[in-house]
Enquirer: 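There's a structure below that I have some questions on.
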Amino acid sequence: MLTITLPDGNSIKFSKKVTGLEVAEKISKSLLKQALIMSVNGELKDLSHIIENDSSIKIFTSKDREGLETIRHDTAHVLAMAVQELFPKTQVTIGPVIENGFYYDFARKDPFTEEDLIKIENKMLEIIERDEPTHREVWKRDKAIEHFKKSGEIYKAEIIKDIPKEEEVSVYFHGKWHDLCRGPHLSSTGKIGKYFKLTKVAGAYWRGDSNNEMLQRIYGTSWPSQKELDNYLKQIEEAEKRDHRKLGKEMDLFHFREESPGSVFWHEKGWKLFQKLVSYMRVKQDRAGYKEINTPEVLDRALWEKSGHWEKYGEHMYTSQTPDEKVFAIKPMNCPGHVQVFNQGLKSYRDLPLRISEFGKVHRYEPSGALHGLLRVRAFTQDDAHIFCTEDQITDECLKVTNLILDIYKDLGFENVILKYSDRPDLRVGDDNVWDKAEKALLDAVKASKLEYTINKGEGAFYGPKIEFVLRDAIGRDWQCGTLQVDLNLPERLDATFVDKDGVKKVPVMLHRALFGSLERFIGILIENYAGKFPFWISPLQVIVIPISEEFDKYAKEVNNKIINVGIISEVDLKNHNLNYKIREHSVSKVPILLICGKKEVDSNTVSIRKLDSNKQENMDLKLFLKKFSALNKASSN
RNA sequence: GCCCUUGUAGCUCAGCUGGUAGAGCAAUUGAUUUGUAAUCAAUAGGUCCGCGGUUCGACUCCGUGCGGGGGCACCA
């Protein structure tokens, strides 16, 4: 007698041991059809697994994460099968499930081409059609190693060596083809369905280590239905439409060029956007008690040696030699400069917390392969600040920073923020009791924020624990932006001290914080979040005034001047084009407000408002328009 | 940095197996004076990314450098 307990608490009795399939069949015909895998006492198993003892089991279908992941995992196997059928000398390595799909890494001399991908896809369909049955075998470790070595699968043999001794080595067969795999798998290749697509080929290091050889990775996606596959592909298209590199060009915001890879050439509109964000933050930071300063971009090598950057960060630093043979570094960070400002003049405990901010432009020699539009550049502007304080002030200051960041993100349309908290790494400086304090203070601030957070063990900076602020954009992508770090190291290295109440000189704690992180990167994120359609107040070109014909040019110019005078960015379009043409042109370039002026407007001293993405028009008294829309500009800094 | 891929007019892209380049949009000029997403016509645009090689001849083939894209690694 065997009792199987189901998730709803009901149980079924069987007279002898059973497989998952038999359990599913007992529950319902439709479940049997949909069943993909199961869990037995919480452990994922094939449906063909034989249950010998009383167990609680759950059956998964494609609606469950577990089921979907198994479909993807099986698709990866079929990919590997197809590749080996088409290109027999190719070695297989690993093929895990990832977000929205899977990949498989292969070792092969010749690169896979786009045409190969199509061939492989067709072969995969064929294999699915063949509906090869799955079965699982447990092999002795030595036998498995020898087997894979013999069949030329060096990588698989290596993987087996690393499987913990207590784990069994299982091999899955789909028909004759087999692969070392932990499982579980679907009962046959036909169960996958045909809603998959191979998306790209890329290089990837064996075991993710850049010292190892490079393998060829094929990425794919796989879904339970055509609808879900189409949906996913559409999402990707949507993301491509929002690509800030594309929009930046179309909207004439910035460009890049060969003479300075990874550095932005800001055009008028892009720079306006940049300046607007800076002015906005300046107001916010002034109110939050920050003192804005500015420090040199080029600083003597000796300072960087003392700060530790020369040694720890040197390979990312630009240097420059002057005609007198002195070596300077172009700053990759603002912190040493800020400590020097702190060091200028004697500081008292009464000066703390001292919040020094700078819109500091830094240069970092990033690996060429890392560059990516505005999101990863070599020269960028940090909205940086360093807070010098006592240990007792850490929590309070961290909390203030967190609130400031959330406030600012909210104004810019990001309400969904999570935190990543990272504590002490193995390689670190400073006493453990100081770390204890710093970690507790920072974690207290995290908890007080009431935001969702993750703890990344051991991922803190070598000089202190940190929080990273991750925001979620309009189409659900996460971006790491702000950062807050406690520094137990640099103030001491650079001899920062303050005179405490007892008259003794002490070393202050320093907090590093950035709100957007990099202005450049943040603008890239903003462009993608809004698909270029910025809210009125940040838009770098807010209004275009369009006269219907030459007759109304004078009125249009007057209107434009009045608008500019109330602080709205406006242009008048006097070009010899018809109204439709102009509306299209400025809609495509995403100007939020178009004002049309013709006879009706001149006679009544009004404007006709056409908002972006709306074909409704609103006629408004000009004075009212000026009042209403200039107020929108101010709303952000209230 | 590594693997793959790519580089033609301001932009988006054609250019077959080698015979020194074309379209649409934009620009300029002219006509048109327009009521809510592309009026018509004419004109002017190019070291075909750079450098080397093969060839009678290279945008096209080969090598190399640089840049872009997709990943990997990196992101203190």
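In what follows, every chain begins at residue 1, and chains take the letters A, B, ... in the order their sequences are listed.
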Enquirer: Strictly under 3.5 Å: I want the nitrogen or oxygen pairs between protein and nucleotides 7-14 of chain B, one per line.
Expert:
residue, atom, partner, partner atom, Å
rU12(B), OP1, Lys249(A), NZ, 2.9

Enquirer: Base, sugar-phosphate or nothing for Ser549(A)? Non-hydrogen atoms, less than 4.0 Å.
Expert: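 Result for Ser549(A) = base.
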Enquirer: Tell me if the side-chain of Tyr365(A) makes a donor-acceptor pair with the base of rG1(B), cut-off 3.5 Å, by modelled atom types.
Expert: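 By the distance-only test, no, there is no pair.
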Enquirer: For atom C1', what is the distance between rG45(B) and rA23(B), given to the nearest Å?
Expert: 14 Å
Enquirer: For a quick check, tell me whether the side chain of Arg376(A) and the base of rC74(B) share a donor-acceptor pair closer than 3.5 Å.
Expert: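 Yes, the side chain and the base share a sub-3.5 Å donor-acceptor pair.
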Enquirer: When we call it a touch if two heavy atoms are under 4.0 Å apart, what does Tyr219(A) touch: a base, just sugar-phosphate, or nothing?
Expert: sugar-phosphate
Enquirer: Want to settle it: does Phe462(A) or Ser587(A) sit nearer the 5' end of RNA chain B, counting the closest nucleotide to each?
Expert: Ser587(A)
Enquirer: Rounding to the closest angstrom, what is the interatomic distance between rU39(B) and rU33(B) at atom C1'?
Expert: 11 Å
Enquirer: With respect to the side chain of Ser210(A), which nucleotide from rA37(B), rG71(B), rA73(B) is positioned closest?
Expert: rA73(B)
Enquirer: Quote, to the nearest angstrom, the C1' distance that separates rU64(B) from rG46(B).
Expert: 25 Å
Enquirer: Kindly state whether the ring of Phe87(A) and the ring of Phe106(A) have centres lying under 6.0 angstrom apart.
Expert: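 When the ring centroids of Phe87(A) and Phe106(A) are compared, they turn out to be at least 6.0 Å apart.
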Enquirer: For Glu259(A), I'd like to know if atom CD has over 12 heavy atoms of other residues, nucleotides or ligands within 6.0 Å.
Expert: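 Atom CD in Glu259(A) is packed in, count exceeds 12.
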Enquirer: Would you say Asn578(A) places a side-chain N or O within less than 4.0 Å of OP1 or OP2 belonging to rU39(B)?
Expert: yes
Enquirer: To the nearest angstrom, how far is His577(A) atom NE2 from rU29(B) atom C1'?
Expert: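 Those two atoms, NE2 and C1', are 12 Å apart.
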Enquirer: Taking rG22(B) as the reference, what is the distance to rG15(B) when you measure between their C1' atoms (whole Å, please)?
Expert: 7 Å
Enquirer: In whole angstrom, give me the gap between the P atoms of rA58(B) and rG19(B).
Expert: 11 Å
Enquirer: Kindly indicate whether the side chain of Glu550(A) and the base of rU33(B) share any N or O donor-acceptor pair separated by less than 3.5 Å?
Expert: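 Answer is yes: a donor-acceptor pair is held.
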Enquirer: How do Tyr463(A) and Tyr581(A) order along RNA chain B: which one's closest nucleotide is nearer the 5' end?
Expert: Tyr581(A)
Enquirer: Using the side-chain heavy atoms of His316(A), tell me which of these nucleotides is nearest: rU36(B), rC3(B), rC74(B).
Expert: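 Closest of the options to the side chain of His316(A): rC74(B).
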Enquirer: Does OP1 or OP2 of rG1(B) have a side-chain N or O of Ser368(A) closer than 4.0 Å?
Expert: yes
Enquirer: Expressed in whole Å, how much space separates the P atoms belonging to rA27(B) and rA21(B)?
Expert: 27 Å
Enquirer: Could you check which nucleotide pairs with rC2(B) in any of the strands shown, counting Watson-Crick or G-U wobble with both distances under 3.5 Å?
Expert: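 In the structure as shown, rC2(B) has rG71(B) as its Watson-Crick or wobble partner.
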Enquirer: If pairing requires Watson-Crick or G-U wobble contacts with both distances under 3.5 Å, which nucleotide is the partner of rA41(B)?
Expert: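 Result: rU29(B).
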Enquirer: Below 3.5 Å, does any donor atom in the side chain of Arg207(A) face an acceptor in the base of rA73(B), or the other way round?
Expert: no
